[in-house]
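This report concerns only the one structure given below.
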Amino acid sequence: MSTTSHAHTEKDVRDFFDQTLSTYLSFWDGDGVLHTGYFADDTDDDYRAAAERTSGILAADAMIDGSSSVLDVGCGCGNFLIHLARRFGCRGEGLDLSVERVKFAREALAAETGLDIGFRQGSVIDMPYETGTFSHVVSQDALCLVPDKPSSHREIHRVLRPGGVFAFSDFLQPKEEVGERARKHVYDRVRWNGGYSFVGYQTVLQEAGFEILLARNLESHIRQTYRVLGRTATERAGTTQDAAARDWMLAFAESCAEIQVAIDDGEFGWGMFVTRKPGDATP
């Protein structure tokens, strides 16, 4: 795992996502769905449906049901946890560094009725939960941004019950070293220091005490996500009257093209992992 010459801190990550929320909502998805999509095939260009498919696959792999107590780490705008509570009736909490995203999640939850979930601002490396609180910990495309990844794995292991499931998707760094172009458009763009390869991720999870139940390498889906988003940004830039918004969309479209190059060069990837904390499951 390599890092940038300037190692980004939790504050850097929090500030970036606080400052960019409104911009991303205005372009990417107004409901706050801001994660990678699992596409039906090479011709599929429905980002929202692909993003919802990712959530469905992860929930099924994690074996979440009405008895589950779920922690969503890096919950962002809260969509995944709200989806789980609606569909399964599970209990849970979402935790995120970003004050603005937690505020958005709480406002979205206020529009719901009968959901036994909540959202809290905080860090995954020092979580405000008792040991063995949750039957499931889930995450979508967020843990890569944690500067101290070993501490986050230890904390997730701690708050899980024996027999509990840790299921998540995350960005990958297939090569140990990446070029300046990938560093600019992929890593530094979102304050990401560096990550693990597909195999390397499984190794560190095992070292943290997890059993690997399932691992999916989803490189083709992340490439298609940025192909679809890049085209969407270009199309919207051609119709917007706001010069600042148009410049942002065109810059984002350029980054989307560079991200696809980084994927083809083995400098960026995406994976999904399902793991288990050893021990007998408890109610």
Is it possible for you to say whether I156 and V274 belong to one hydrophobic cluster, with membership spreading through side-chain heavy-atom contacts below 4.5 Å? no
Walk me through it: do L145 and V190 pass the test side-chain contact (heavy atoms from CB on, under 4.5 Å)? CA-CA 8 Å; L145 298 171; V190 293; 4.0 Å; yes
Go through S55 and Q140 one step at a time and tell me if the side chain to side chain donor-acceptor pair (under 3.5 Å) criterion holds. CA-CA 8 Å; S55 296; Q140 290 185 306; 3.3 Å; yes
Donor-acceptor list for residues 99-109 side chains, cut-off 3.5 Å, not counting sequence neighbours:
from, atom 1, to, atom 2, distance (Å)
R101, NH1, F17, O, 2.2
R106, NE, F119, O, 3.0
R106, NH2, F119, O, 2.9

Going only through I, L, V, M, F, W and Y residues with side-chain contacts under 4.5 Å, is there a path from L81 to I57? yes
Could you list all the side chain to side chain donor-acceptor pair (under 3.5 Å) pairs where at least one residue sits in residues 81-92, not counting sequence neighbours? R86-E112
Any ring pair (Phe, Tyr, Trp, His ring centres under 6.0 Å) involving residues 122-147? Give me the pairs, sequence neighbours left out, ordered by first then second residue. Y129-F134
Short side-chain donor-acceptor distance under 3.5 Å, D188 and H8: yes
For a 4.5 angstrom cut-off between non-hydrogen side-chain atoms, does L71 reach V159? yes
Once you round to the nearest 0.5 Å, how far does CZ of R14 lie from NZ of K11? 6.5 Å
Tell me, please, which residues at least two apart from S151 pass side chain to side chain contact (heavy atoms under 4.5 Å, CB included). I125, D148, R154
Is it the case that D12 and T9 place a side-chain donor and acceptor less than 3.5 Å from each other? yes
Check this for me: does any side-chain nitrogen of one of E180 and K184 sit under 4.0 Å from a carboxylate oxygen of the other? no
Side chains of residues 204-218: which donor-acceptor pairs under 3.5 Å do they make with residues two or more places apart or in other chains?
from, atom 1, to, atom 2, distance (Å)
E211, OE1, R276, NH1, 3.3
R216, NH1, D61, OD2, 2.3
N217, OD1, E219, N, 3.4

Do R246 and D242 meet the salt-bridge criterion of a basic N to acidic O distance under 4.0 Å? no
Among all residues two or more places apart in sequence or in another chain, which pass the ring pair (Phe, Tyr, Trp, His ring centres under 6.0 Å) test with F168? F166, Y201, F273
Check ion pair R120-D96 (N to O, under 4.0 angstrom): no
Would you sort out whether D45 and R231 count as a salt bridge (charged side-chain N to carboxylate O under 4.0 Å, His left out), showing the intermediate values? CA-CA 10 Å; D45 62 0; R231 186 177 66 191; 2.9 Å; yes
Are D264 and R223 close enough, and set up right, to give a salt bridge (charged side-chain N to carboxylate O under 4.0 Å, His left out), and what steps lead you there? CA-CA 8 Å; D264 293 342; R223 194 185 195 288; 2.9 Å; yes
Using a distance-only test with no angle check, is there a side-chain donor-acceptor pair under 3.5 angstrom linking S123 and E10? yes
Can you tell me how far apart CD (Q224) and OG1 (T36) are? Round to the nearest 0.5 Å. 12.0 Å
